Structure formats: C-alpha cells, structure tokens
There are 2 protein chains.
Amino acid sequence: MSASEFESVEASLSKYISPGDLDEVRRILYGKQTRKLDFPQSATDAAAERGFDLQGCVFEASSEQLRLPRIVRVGLIQNKIVLPTDAPVLDQIAALHKRVGEIVEVAAMCGVNIVCFQEAWSKSNPSLLMNYIPNIPKGHQSRKCHFLAKKYNMVVVSPILERDEIHGGTLWNTAVVVSNSGKVLGKTRKNHIPRVGDFNESTYYMEGNTGHRVFQTQFGKIAVNICYGRHHPLNWFMYSMNGAEIIFNPSATVGELSEPMWPIEARNAAIANHCFTCAINRVGTEHFKNEFTSGDGRKAHHEFGHFYGSSYVAAPDGSRSPGLSRIRDGLLIAELDLNLTRQIGDQWNFKMTGRYEMYGEELTKAVQNDFKPNIIKE
Amino acid sequence: MSASEFESVEASLSKYISPGDLDEVRRILYGKQTRKLDFPQSATDAAAERGFDLQGCVFEASSEQLRLPRIVRVGLIQNKIVLPTDAPVLDQIAALHKRVGEIVEVAAMCGVNIVCFQEAWSKSNPSLLMNYIPNIPKGHQSRKCHFLAKKYNMVVVSPILERDEIHGGTLWNTAVVVSNSGKVLGKTRKNHIPRVGDFNESTYYMEGNTGHRVFQTQFGKIAVNICYGRHHPLNWFMYSMNGAEIIFNPSATVGELSEPMWPIEARNAAIANHCFTCAINRVGTEHFKNEFTSGDGRKAHHEFGHFYGSSYVAAPDGSRSPGLSRIRDGLLIAELDLNLTRQIGDQWNFKMTGRYEMYGEELTKAVQNDFKPNIIKE
C-alpha cells in the first residue's frame with residue numbers, strides 16, 4: 001500500500017484490534033478517551049455532499065465551584081488545492097475561497113467559535129512558489145475572512161503570505177486573526193523558517209518579527225505557531241508564557257520527511273505547556289509543471305511528496321483527538337473546556353517547577369561566541 | 001484487562017494488525033524501522049534463566065567519507081524491587097545489587113558500552129521514603145558500580161539518593177557516572193522535583209545545583225535528565241546545548257498519572273535536540289506497610305499505582321525502538337551510530353534556526369515580577 005492511500009492509524013486500530021486490547025492500546029496511545037461530538041443531521045449531510053470528512057470530539061474538564069465551564073468549539077480545516085498549480089493565480093484563489101467557504105459554512109452549522117485554516121491556505125504549497133510570487137491585490141486574501149467571521153460570529157485564523165510594502169516589499173509567512181466582530185484583531189508571523197531540502201522557504205520570506213503575541217478573543221486566548229515552528233519547543237513555550245490557552249499550528253508537511261514526528265510535537269507542546277494545541281496539515285499531492293531540485297542527490301522532480309493531513313487536537317492532560325484522514329479533505333471540530341488548562345497546570349505544576357531564571361541565564365551564555373559547553377572529562 | 005496485566009502496545013499491534021497495514025502503522029507510530037539486534041545464545045539463555053526480557057535493536061546512520069561510524073551499544077535496565085519495602089534496608093539494597101548485577105552481566109555478554117539503571121535503583125520508589133530516610137553508608141551504593149564498570153569495561157550510570165554531608169546533610173536525587181575505567185567521572189543532580197500528588201518528593205530532596213553538565217566518555221558525550229525533568233523541554237535542550245549525544249532519563253512513574261505522556265516526551269526531546277534519548281521506567285507495583293494520603297480526595301492507600309516499565313530508545317530522526325514490557329523486568333540494548341545526530345542536525349537544522357538570542361531575551365523578561373504578557377485585545 002502506498003503512503004498516499006493508507007487511511008489512518010486510527011482506522012487500522014479500530015478495524016483489527018480486539019475490543020479488550022483496544023481500550024488499553026487507545027489509552028496508552030491517545031490518553032483519556034475523548035467523547036464523540038454529535039452534529040446536526042444537516043451538517044453531516046452537507047459534509048457528505050461536499051465531499052469532506054466531518055469529525056468531532058469533546059475534551060472534558062472537572063466542574064469547579066468558582067468558575068463556570070469555559071466551553072469553546074474549535075474547527076480545523078484541511079484541504080487539497082482545487083485547481084492545478086499552473087492555473088491562473090486568481091482562479092486558484094477563487095476556487096480555494098469557494099472550497100474553504102463551504103467547509104466553514106458547515107463549521108458554523110456545528111457551532112464552531114474559532115476556525116483555523118492550513119498554512120498559506122489560499123495557495124499551493126508556499127515552499128514551491130518557484131516561478132512566480134504573485135502580487136496579490138491588497139485585502140484580496142482577507143476580505144473573505146472578514147465576511148465569514150462576522151456572518152458566523154466566528155474567530156477566523158487565516159494563514160497567508162503577506163507582502164509588506166512598507167518594508168520594501170518584504171514577504172512574510174503570516175497568520176491574520178480576524179475577530180468574530182469581523183475586524184482584524186492582529187497578525188503574527190512565522191518565527192522559524194525551514195532550511196530543509198525541498199522546503200527552501202528561506203529564499204522566499206523572512207523570520208517573523210512579531211515575537212510571541214497572543215490574541216485575546218471572546219473565546220479564549222489564542223496564538224499561532226506556523227508550520228516549522230512546531231519543531232522548536234521554545235517557540236510553543238513562549239506563546240504559553242504570554243498566556244495562550246490554545247495554540248494553532250497551521251502546517252504544510254509531507255510524509256517521508258516528517259510523518260512520524262507529527263503526532264509527537266504538537267502533543268508534547270500541549271503537555272509541556274498546559275494548553276491545547278491544534279495541528280493542521282494540508283492534504284494531497286501537488287504537481288508542479290516546472291521540475292525542481294533540492295541538492296540532496298535526488299533527480300529533479302515535479303512533486304515533493306504526499307501532504308498527509310492527519311490534523312488533530314491535543315490537550316494538556318496528554319490526551320488527543322483521533323486524527324483526520326491522511327488522504328481526504330476534512331473538518332475536525334473539538335469542544336474544549338478551557339478550564340482544563342489551569343486544572344492540569346495545578347496538578348502538574350510545570351510552570352512553577354520550571355526554574356526559568358536558570359534557563360534565562362544559561363541560554364544567554366550559550367549564545368555567546370565564546371560559550372564553553374559544560375563538559376566533564378576524565 | 002487491568003493496566004498491570006496488559007503486555008504492551010507493540011505486542012497488540014503485532015498480534016492483530018494485518019501485515020499490509022502493519023508496516024504503515026509502524027512507520028507512522030515508530031518511524032523508520034530499526035533492525036533487530038542479534039545476541040549470543042549464551043546471553044539469551046541467561047536472560048531466560050534469570051527471568052527478564054532481552055530485546056535489542058539497531059539504529060543505523062549513513063556512511064560518511066571523513067568519519068568512521070561511531071557505534072555504541074547502550075543498555076537500559078528496568079526491574080521490580082526484590083524484597084518487600086519493609087525488609088531491612090541493607091537487605092533490600094543487597095537484593096537489588098544482586099538482581100541488577102546479574103542483568104548487567106548479560107549486558108556485558110552482549111557488548112554493551114554504557115548501561116543505565118532506573119531512578120533510585122537501589123531502593124523502592126524514592127517518593128515513598130515516608131518513614132525513614134536511611135543513612136546509607138558512604139560508598140555503599142556506588143562501590144558495586146565501580147567494580148562492574150571496570151570488570152566489564154562499561155560506563156555505568158547509577159541513579160541514587162545522595163546524602164551531602166558537606167552541606168548539612170542535604171539529600172539530592174543524583175546520578176553518578178562511573179567511567180569504564182572504574183573511576184567516578186562525576187555526578188549530576190535532578191533539576192526539577194515533582195510537586196504532584198503522591199510524588200511529594202519536594203519534601204525529601206532539593207532541586208539540583210549541578211546545572212546541565214555533560215560527560216565525555218570513551219563512547220560519546222552523555223547526560224542524565226532524571227525523571228520529572230523529562231516534562232521540561234528546556235532541561236533536555238540545555239543538555240543538548242552542552243553537547244550531549246545521548247541523554248538518559250532514568251524514571252519511576254505510574255500508569256494513571258503519566259502513561260500516555262511517556263511515549264511522547266523523551267521522543268520529542270530526541271527530535272527537537274538532534275540526539276538519542278533513553279527513557280527508563282521501573283516496573284511493578286510497590287506495597288507500603290504504612291498508608292499514605294496525597295490530599296487529592298482519594299482514600300489513604302498503600303500503593304500508588306503500577307510502574308509500567310515500557311523503557312525505550314528514541315533517535316534524532318524521529319524513530320524509536322519498541323518498548324520493553326509493561327510488566328516484567330527487562331534489558332533493552334540499542335546499537336547507535338552517533339553519526340546520526342549530526343546527519344539529522346545537518347538535514348533539519350533546528351540548532352541553526354533556533355533564534356536562541358531572541359529566546360534568551362524573552363525568557364529573561366518573562367521571569368521578572370513586572371512582566372507584561374504580550375496580549376493583543378480588540
């Protein structure tokens with residue numbers, strides 16, 4: 001079976017493992033079992049008709065005496081591109097707007113409060129800009145999001161490529177956070193740019209200069225750690241230090257390169273930082289007319305692998321949702337009780353036991369040119 | 001099936017999942033498949049006779065033009081206590097020395113270069129000192145290790161409780177690193193002490209003051225991140241910044257509390273830091289004569305759960321070994337080519353793209369009393 005045909009680990013576990021063992025396997029692999037979230041029939045029908053998977057689950061918290069539950073529904077959208085990568089740019093964008101729009105509509109039917117799209121959702125994969133960096137008309141990418149946000153009373157996290165005319169036309173890999181009022185709450189830029197094989201993105205845009213800002217929405221404090229930033233534990237950590245309760249990780253990554261890391265990194269971040277993390281990966285294989293090489297010994301090629309989807313949500317107690325499919329468009333809706341973040345924090349106390357002053361000092365020393373590693377020799 | 005009877009996830013996957021799917025499930029869950037390591041018949045026989053599991057695997061690296069492979073065999077030992085927790089202390093220690101000694105002998109037969117025992121291996125679980133903190137005669141805990149190290153030409157990492165008479169009898173949770181010459185190379189102390197439910201260890205010993213030192217052994221640069229320190233990504237990171245190629249994580253942790261986090265944290269550290277990590281957990285259920293409470297609403301109890309073993313090795317490419325059993329004593333031997341650490345580092349470049357100056361600055365600000373989180377409001 002080829003890697004672009006295999007449905008998902010979850011589907012195989014359910015299909016084969018006997019019920020007695022399955023509970024234990026799931027407990028160890030996925031943590032405390034999430035409850036299945038029910039949807040209105042109209043939403044289920046619309047998803048089926050429009051050809052995408054609709055999955056949902058509930059992460060519960062204990063009830064508290066002095067706080068009401070803080071229930072939020074997040075929606076994670078993973079999708080293939082719609083038109084070929086050599087179709088006219090504005091046609092590609094329009095087709096993606098239409099596709100994502102019809103998924104958002106179903107999210108609204110399911111009561112989603114915050115929706116996040118995949119990295120650079122309105123384009124084919126951003127590391128393959130290759131022959132053109134189109135100058136997308138100002139506002140063209142986000143107008144649709146303002147409209148959706150206001151119409152559905154939903155915060156929209158929209159990862160785009162940003163042309164910064166104020167700074168000499170610099171390109172950034174950016175997420176725009178649109179409030180449910182329809183106004184732009186702000187933007188945040190990708191902090192770490194891959195310099196890895198085909199992901200030669202460092203030739204297209206720069207390391208972000210917006211730090212680790214967190215957005216106070218009506219539905220909780222959120223942050224956006226874009227794609228490759230998920231490999232850097234310090235990046236997740238600093239969003240958390242600024243108060244993020246939910247950190248989105250819109251991504252575009254392929255099988256051979258990163259798939260065994262995918263279930264580990266965002267989940268570790270949820271555990272280590274007492275927060276929820278939402279890992280979103282695009283899906284499908286994108287074909288480029290012009291071939292390209294990566295200086296890694298492989299022949300010139302027109303594709304660079306299968307985007308394996310598998311979007312999921314991880315919780316601070318170490319549990320996680322099942323992933324979306326590896327091969328189809330999908331909408332994953334998770335109902336979170338944000339009270340769980342402080343409850344788990346109060347149990348595990350990582351922030352209190354973190355000794356951050358020590359690390360601040362050690363890190364400051366470690367980046368100096370004359371840093372001497374602390375090595376004990378015989 | 002109770003949690004103390006279930007063998008392991010790996011055993012269930014092999015038993016039930018059809019071969020076609022099993023390859024994909026394993027690839028996604030365990031990364032690039034490790035090769036099985038063969039052992040001399042005498043070692044296999046001795047392990048069977050002595051009643052512990054013997055497992056082995058090989059992590060391979062690409063061949064290089066200018067460096068020979070740097071092959072190292074590490075041994076991870078997980079074991080139950082031997083005598084009841086209320087037997088005389090010196091009898092308990094002697095029985096554990098004998099048990100661990102016979103496992104180390106098999107490790108030597110298999111060519112192990114560095115062996116690491118579980119946290120506080122010469123005692124019942126350290127967070128349950130409870131009624132006594134015995135004053136173990138100086139040297140009593142490590143004499144055996146010096147002997148083994150020299151006899152077998154093997155580096156021994158021996159996690160103990162240390163009584164520091166020079167500083168007022170302070171107790172530390174410490175790992176002693178004994179060189180293969182039989183001399184003590186140095187010691188390193190547990191940096192983060194749990195303040196979690198039954199793990200009220202903060203009343204027994206203090207946060208370590210030995211920083212993030214790394215030990216240059218004949219078989220590579222190693223560090224020891226003791227138990228609860230695995231929850232702190234900065235802890236792993238700083239060992240790595242000091243040059244660790246292999247980081248051991250000797251632990252003692254129980255099922256309900258941490259089992260779904262276990263496969264995530266040490267493995268994430270291997271990925272994020274381009275190094276090997278070795279996660280070792282004790283095994284079995286320990287019964288204490290005096291009951292104890294944890295202020296968490298549960299009744300007073302004599303046990304605090306099942307130590308689930310499941311020791312494993314993770315590699316910088318995201319792959320990992322199968323785990324040892326959840327219920328039996330075991331010796332896991334992994335053959336590592338340390339060249340893999342730099343090879344993966346050169347591919348993924350996390351150290352180069354880490355922007356550590358920025359984090360040094362942000363962290364230094366974040367620990368100040370007047371720190372203002374970076375929060376954007378509408």
Side-chain angles (χ1 to χ4, degrees), chain A residues 1 6 9 12 16-18 20-21 24-25 28-29 31 179 181 183 185-186 192 195-196 211-216 231-234 237-238 241-243 259-261 264-265 267-268 271-272 318-319 347-350 353-357 359-360 362-364 366-367 373-378, chain B residues 1 6 9 12 16-18 20-21 24-25 28-29 31 179 183 185-186 192 195-196 207 211-216 231-234 237-238 241-243 259-261 264-265 267-268 271-272 318-319 347-350 353-357 359-360 362-364 366-367 373-378:
Chain A
M1 187 178 310
F6 181 72
V9 168
S12 287
Y16 294 108
I17 297 183
S18 82
D21 279 19
E24 277 294 280
V25 168
I28 295 169
L29 289 181
S179 166
S181 69
K183 286 183 190 141
L185 190 47
H192 301 268
R195 303 179 188 217
V196 183
H212 294 86
R213 53 181 64 159
V214 164
F215 301 91
Q216 173 75 64
H231 304 300
H232 290 281
L234 275 159
F237 167 73
M238 202 50 71
M241 286 298 269
N242 281 304
E259 194 161 1
M261 303 176 176
I264 305 298
E265 293 165 313
R267 192 167 168 206
N268 190 75
I271 296 168
S319 65
Q347 182 191 355
W348 280 99
N349 290 319
F350 297 153
T353 59
R355 305 186 71 184
Y356 302 125
E357 289 194 29
Y359 290 103
E362 289 189 31
L363 194 48
T364 303
V367 295
N374 186 354
I375 297 179
I376 313 285
K377 294 176 184 160
E378 195 163 353
Chain B
M1 184 178 312
F6 181 71
V9 168
S12 287
Y16 294 108
I17 297 184
S18 83
D21 279 19
E24 277 294 279
V25 168
I28 295 169
L29 289 180
S179 165
K183 285 182 192 143
L185 190 47
H192 302 268
R195 305 179 188 215
V196 183
E207 281 75 9
H212 294 87
R213 52 181 63 158
V214 164
F215 301 93
Q216 173 74 64
H231 303 301
H232 290 282
L234 275 159
F237 167 73
M238 202 49 73
M241 285 299 269
N242 281 304
E259 194 161 1
M261 301 177 177
I264 305 297
E265 293 165 312
R267 191 167 169 208
N268 191 72
I271 295 168
S319 66
Q347 184 191 353
W348 279 99
N349 291 319
F350 297 154
T353 58
R355 306 187 69 185
Y356 302 126
E357 288 193 30
Y359 290 104
E362 290 190 28
L363 195 48
T364 302
V367 296
N374 186 354
I375 297 179
I376 312 284
K377 293 174 187 163
E378 194 165 352

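Remember, predicted model here, so these are calculated numbers, not experimental data. Naming: A, B, ... by sequence-line order, numbering from 1 per chain.
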Checklist entry - So how far is it from A:L363 CG to B:L363 CG, rounded to the nearest 0.5 Å? => result 6.5 Å
Item to check | Heavy-atom closest pair, residues B:H231 and A:A272 | outcome: O-CB, 4.0 Å
Checklist outcome for this item: Among B:R267, B:K183, B:R355, the residue with the most heavy-atom pairs under 4.5 Å to chain A is B:R355
Item to check | Leading residue by heavy atom contact count with chain A [cutoff under 4.5 Å; candidates B:I271, B:V367, B:L234] | outcome: B:L234
Item to check | Best-contacting candidate, B:F237, B:Y356, B:Y359, against chain A by heavy atom pairs under 4.5 angstrom | outcome: B:Y359
Checklist entry - Within a strict 4.5 Å, meaning less than it, do heavy atoms of the B:I28 and A:F6 side chains meet? => result yes
Checklist entry - At a heavy-atom separation under 4.5 Å, does B:M238 approach chain A through its side chain, its backbone, both, or neither? => result side chain
Checklist entry - Is it the side chain or the backbone of B:S18 that comes within 4.5 Å of chain A heavy atoms, both, or neither? => result both
Next on the checklist: If you count heavy-atom pairs within less than 4.5 Å of chain A, which of B:Q347, B:E357, B:M261 leads?
Outcome noted: B:M261
Checklist entry - What are the two closest heavy atoms between B:L29 and A:L29, and how far apart are they? => result CD1-CD1, 4.0 Å
Checklist entry - Hey, does the side chain of A:N242 reach the backbone of B:P373 with a donor-acceptor pair shorter than 3.5 angstrom? => result no
Checklist entry - How far apart are the closest heavy atoms of A:M241 and B:A366, and which atoms are they? => result CE-CB, 3.9 Å
Item to check | B:F215 vs A:I375 side-chain heavy atoms within contact, under 4.5 Å | outcome: no
Checklist entry - Using 30° and 60° as the class limits, which term best fits the ring planes of A:H232 and B:F350: parallel, tilted or perpendicular? => result perpendicular
Next on the checklist: When you compare the side chains of A:E24 and B:S12, does any donor N or O come within less than 3.5 Å of an acceptor on the partner?
Outcome noted: no
Checklist entry - Taking all atoms of both residues into account, what is the closest heavy-atom pair of A:R195 and B:N349, and its distance? => result O-ND2, 2.9 Å
